[in-house]
Amino acid sequence: MKKQLNLKVENLKKITEQHILLSLVAPNGDMPEIKAGQFVEVKVDNAPTVFLRRPISVHFVDYAKQRLDLLVALVGDGTRKMATLSVGDEVSVLLPLGNGFPMPTKAGAKCLLVGGGVGIAPLLYLGDRLKAAGHQVSFLLGARNAGGVMLEDEFKKFGSLYLTTEDGSVGEKGFVTNHSILEKEQFDEIFVCGPTPMMKAVAKYAYAKNIECYVSLENKMACGLGACLCCVTEDNKGHNRCVCSEGPVFNINELPWQN
Amino acid sequence: MKKQLNLKVENLKKITEQHILLSLVAPNGDMPEIKAGQFVEVKVDNAPTVFLRRPISVHFVDYAKQRLDLLVALVGDGTRKMATLSVGDEVSVLLPLGNGFPMPTKAGAKCLLVGGGVGIAPLLYLGDRLKAAGHQVSFLLGARNAGGVMLEDEFKKFGSLYLTTEDGSVGEKGFVTNHSILEKEQFDEIFVCGPTPMMKAVAKYAYAKNIECYVSLENKMACGLGACLCCVTEDNKGHNRCVCSEGPVFNINELPWQN
Amino acid sequence: MAKLETKIGGLTLKNPVLTASGTFGYGTEFSEFIDLSRLGGYIIKGTTLNPREGNPYPRMAETPSGMLNCVGLQNKGVHYLKDHIYPNIKDIDSCLIVNLSGSTVEDYAEAAEIIGTMDKVQAIELNISCPNVKQGGMAFGTTTQGVEQVVSAVRKAYNKTLIVKLSPNVTSITDMALAAEAAGADSVSLINTLMGMAIDAERRKPLLSMVTGGLSGPCVKPVALRCVWQVAKAVKIPVVGLGGIMNATDAIEFFLAGATAIEIGTANFIDPETTVKVVDGINEYLDRHNFKSITEIIGQLEV
Amino acid sequence: MAKLETKIGGLTLKNPVLTASGTFGYGTEFSEFIDLSRLGGYIIKGTTLNPREGNPYPRMAETPSGMLNCVGLQNKGVHYLKDHIYPNIKDIDSCLIVNLSGSTVEDYAEAAEIIGTMDKVQAIELNISCPNVKQGGMAFGTTTQGVEQVVSAVRKAYNKTLIVKLSPNVTSITDMALAAEAAGADSVSLINTLMGMAIDAERRKPLLSMVTGGLSGPCVKPVALRCVWQVAKAVKIPVVGLGGIMNATDAIEFFLAGATAIEIGTANFIDPETTVKVVDGINEYLDRHNFKSITEIIGQLEV
Ligand SMILES: Cc1cc2nc3c(=O)[nH]c(=O)nc-3n(C[C@H](O)[C@H](O)[C@H](O)COP(=O)(O)OP(=O)(O)OC[C@H]3O[C@@H](n4cnc5c(N)ncnc54)[C@H](O)[C@@H]3O)c2cc1C
Ligand SMILES: Cc1cc2nc3c(=O)[nH]c(=O)nc-3n(C[C@H](O)[C@H](O)[C@H](O)COP(=O)(O)OP(=O)(O)OC[C@H]3O[C@@H](n4cnc5c(N)ncnc54)[C@H](O)[C@@H]3O)c2cc1C
Ligand SMILES: Cc1cc2nc3c(=O)[nH]c(=O)nc-3n(C[C@H](O)[C@H](O)[C@H](O)COP(=O)(O)O)c2cc1C
Ligand SMILES: Cc1cc2nc3c(=O)[nH]c(=O)nc-3n(C[C@H](O)[C@H](O)[C@H](O)COP(=O)(O)O)c2cc1C
Ligand code: FES
Ligand code: FES
């Protein structure tokens, strides 16, 4: 059930120079059921240059505490304004939006969760859900350099963690697709979120190895509800599909990425 | 010399439910010389519905402390946003704008300063300046009711204080023009700021008694600099005069208020 | 409780708050946020005779107090609407209005006829003003002859309420409204989006795939109000006003300028509950000012 | 330091940043805030042959990300300008341009001739697009015949640089630009204000004395950019772009869309130093992107 809720800022933590972890709680205990891979639309107040809501992935949910965590990269006026919120401030949020990552049908599936940049955001909650469902979780996260590597301890709670940095300062050097784990291990399913070139590269690997692979796409959104058709992506049949309501998670077999 | 300065909020005090006293300081000690009756244009940040600056009279200046005080009635989004400023915040201000009240040429002139509502704002600094110049100052301030009477102790520093309230709860009952002091005393000059009907009523008294009288007009302003011609008022010759640059203070003999 | 009922041609709306086409999907997208039966009516997504894929990505750019879109009438065509969507929405207890676009007069008329076969569709809003596709009807909407031609053709093919949606991208929107009225329209709605453009200065590229797109949101409200004011003075048929309405106060402004009903578009993206909040706010305004009915304020601007 | 010099007809501007008429007075109002000689040029207040009192109060209303005005060309006439204002501003080391309005072709031509006698005035910006007075030239600016008529007449009376300022309140601004070009204009500037309106819902009254007024500020930027883009592709003469420019990034967008120079209007009210900040910001952008001259980015939008 989609809702518009006024959540309260419980905590705002600077993770890197460019990233914040925003913890919001539902004061009335009405946090809806959320699937990993779903997102929320955040209203940004007091920002004259920000008109539309901002789509942000669900990073983590703690139902006991009625808490929703968002991992936000500070890229423009909207996200930078979010970083000025204070504990106790109210934030209007539409949630949950979009379709989450599908859970593997095979029991105890070996799952690889690949993230790049702030694309790691939805993978923590996905790791939690997969682990809780009895699957095996490996995270493969890529960053530019050591400064971009975030929240390692959090991810380790739910699975093994493999890292790459472009400058080799942490983990293996190169892009995620260069990581040796891709050769060493055979995965049943891959879940990816990050920059499009990275997702396409991972998809290429998955196509080649014939591994079930889901990617979470980004796009400019106005409504987040499937109503305005602003956020489309072209599928492999040449049809325009809504990223917000038909995605943001797509099976790579639906996308025109094969070649 | 007009300037654009980033002043710092030193203090923000709630005076009534609807009024704040905002104290701003020039951190670099560059507060320009300001005349009583001049005004400033305040930029309101973080308010999506507020585009233009807001004109506010100079309520008081303390050069030693480099402090500018503004008395602001909270009437709309802009002024209400000002009321959310915190100590230390920066506020962009254009100042000083417009022409102040002229000082009486006669030595030791008996001056009556009449204010209604937030129109009392410029009169405190005017009282200070007049007293410093050796004139005799009487304030006649009107409010709806006791709740609208403000800053009595401040005004008393510079002269005698007479009050009226419409409900008679403080001072004499009625409008300022009903106050007995107008019959009892003979003033050399009258200075007025407040709602237009009040200013016209006082002007009528001054016309009748042939007393020199100056009023400070309000108007919607865009530039505050005499550049856009948005803020005009018609004078007694049928010409449109800029309230911001030719006023806000006008001699009543320039205005078409005689009948 | 003041009376909110209002009339557009033969149509009685339970209240004057409609949804603007293209911003409210088929209504169902909003059913988790609001009770759709509280709407005066809902105007669904722009429909064309044949399916259209619309324009490439990116289709949206944010602008000061507004947004640009170049969606370009993506829809599955009127037959799909009839067979697959209409059955799911026809029983919503509100007034269902289909927004119709086309490239040729014949397409418009043929689609209108098919819409006429859907019982619960109570009106057509004829979009002759889409700035986002070469043949989106904008060509029709910018000359009086074009307006007359397409409105007459649809009028012949469709006998329920016909609302003609006008573009503000013209020298005289009043002339277009008069032409629509003369050609048999029961009402005109205005404004569609203003044609605009946005650029990414750093990458030196347009922000929209089509370079230009349609501007909507609060930034266009002053233009929309002016258009409604001008047109309402000139025509005898009721005017439906829209453009940048975010709250009940905005809506009241349109009624005062002469609108008989209003539509809410872009605001749905900021707050999906805007429509019902506006209904409540109009009620509150009428009560506070002692008006017995919404009709008492229509066109009542004191000038 | 990139080269900021740019040309409009026979005129060389030291940089492409001008002030928009009606928003910068006679320049002197801003002399305490900025060094006027740093401007590429300053276009002064709209001037008419005979004095005008303009419209009654109120003349201004704030709108979402913008404002409406109905000043209505208040000015003391071209003779007063020549005798009393020109002497005080003629020696400012920048390019002085007079914005000229009128009600009849004859008035325009006569005033243009007088302006021609002021040596230091280097160009006329011909305002045929003021929406705020019945005879403010808007009638001329909305038909190609009207444009040709008034531009030809002024062209005959004035032999220095002639810039024609166009209204966005038309179906095709490109047609108007082509007409101005054909009639001998050296350049076109666009856009003038969009016609809009604002209402006080509580008092049920218009916020402007003339009911309607001209919309300016960031809200109109998308429309202005679109107009510049369309016109720059259609004409051979240089285009001066304006409408909602608040900072250097906005200015760059206009250059990319095809503007040879830009004007800053409403932004002067928010920050009287905007013009010089924009000059600095353009410089910074060109340097950062390794352009040697402003001319390298004009019209260089990659589509
Ligand atoms: C389904 C979805 C989930 C997302 N999840 C997250 C998340 O968990 N954490 C996070 O930090 N960000 C996430 N994003 C991206 C986030 O929405 C944008 O970074 C944000 O909207 C930018 O707002 P802004 O005002 O700060 O920047 P703006 O000023 O709007 O833009 C700054 C820059 O970012 C680009 N940009 C803006 N919006 C988007 C977008 N939607 N997609 C791609 N580029 C954009 C602009 O082109 C510009 O270059 C997600 C986006 C989507 C669609
Ligand atoms: C020269 C001058 C000096 C002023 N000095 C003071 C002062 O010392 N203290 C103070 O509190 N206020 C002063 N004002 C009035 C002040 O500028 C307005 O109250 C303020 O701009 C309102 O802004 P807002 O965003 O809160 O309200 P808005 O939302 O802009 O308006 C709220 C209400 O106030 C009315 N209003 C807005 N601006 C003006 C205006 N300029 N004149 C008259 N009515 C207006 C509107 O019509 C509306 O009814 C002065 C105005 C001028 C022109
Ligand atoms: C994303 C989007 C899609 C739109 N699609 C249509 C459409 O299909 N048909 C139509 O007549 N108008 C369409 N419009 C225009 C709106 O119905 C409305 O006229 C315009 O947005 C102004 O109203 P607003 O400011 O309230 O949004 C669309 C607007 C937006 C923002
Ligand atoms: C208060 C005001 C007065 C104006 N007066 C004139 C004028 O006399 N002549 C003219 O050609 N344009 C006039 N304009 C229009 C501006 O020059 C400019 O075209 C318009 O405001 C758009 O630019 P902006 O958004 O940067 O302000 C005026 C604009 C404003 C806001
Ligand atoms: S953002 Fe509106 S349909 Fe996806
Ligand atoms: S406000 Fe611009 S001239 Fe007075």
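Throughout, protein chains are lettered first and strands after them, A, B, ... in sequence-line order, and every chain is numbered starting at 1.
Contact tally against chain C (heavy-atom pairs below 4.5 Å) for V303(D), L256(D), D250(D), I252(D): the top residue is L256(D). With chain D as partner, the option from G217(C), P218(C), S172(C) having the largest number of non-hydrogen pairs under 4.5 angstrom is P218(C). Top candidate by heavy-atom pairs under 4.5 Å with chain C, chosen from C219(D), G244(D), P222(D), is P222(D). With chain D as partner, the option from P168(C), S209(C), A201(C) having the largest number of non-hydrogen pairs under 4.5 angstrom is A201(C). Of all the listed residues (R288(D), R203(D), R204(D)), the one sharing the greatest number of non-hydrogen pairs under 4.5 Å with chain C is R204(D).
The distance from atom NZ of K221(C) to atom CG of L215(D), rounded to the nearest 0.5 Å, is 11.5 Å.
Put simply, the side chain of V223(D) does not reach to within 4.5 Å of the side chain of V223(C), judged on heavy atoms. Within the 4.5 Å cutoff, no side-chain heavy atoms of M176(D) are placed close to those of T171(C). Between E202(C) and H289(D), some side-chain heavy-atom pair lies under the 4.5 Å cut-off.
Proximity to chain D (any heavy atom under 4.5 Å) is shown, for T249(C), by both the backbone and the side chain. With a 4.5 Å cut-off on non-hydrogen atoms, V211(C) touches chain D through its side chain but not through its backbone. Within the 4.5 angstrom heavy-atom criterion, atoms from both the backbone and the side chain of E253(C) approach chain D. Both the backbone and the side chain of E302(D) have a heavy atom closer than 4.5 Å to some heavy atom of chain C. For chain D, no part of A224(C) is nearby; none of its heavy atoms comes within less than 4.5 Å. For a residue to count as touching a neighbouring chain, one of its non-hydrogen atoms must lie under 4.5 Å from one of that chain's; by this rule Y285(C) touches chain D with the side chain only.
Within 6.0 Å of NZ on K233(C) lie more than 12 heavy atoms contributed by other residues, nucleotides or ligands. The local environment of NZ in K205(D) is sparse, with at most 12 non-hydrogen atoms from other residues, nucleotides or ligands closer than 6.0 Å.
In terms of heavy atoms, A198(D) sits closest to L225(C) at CA-CD1, 4.3 Å.
Between the side chain of R226(C) and the backbone N or O of M195(D) there is at least one donor-acceptor pair closer than 3.5 Å.
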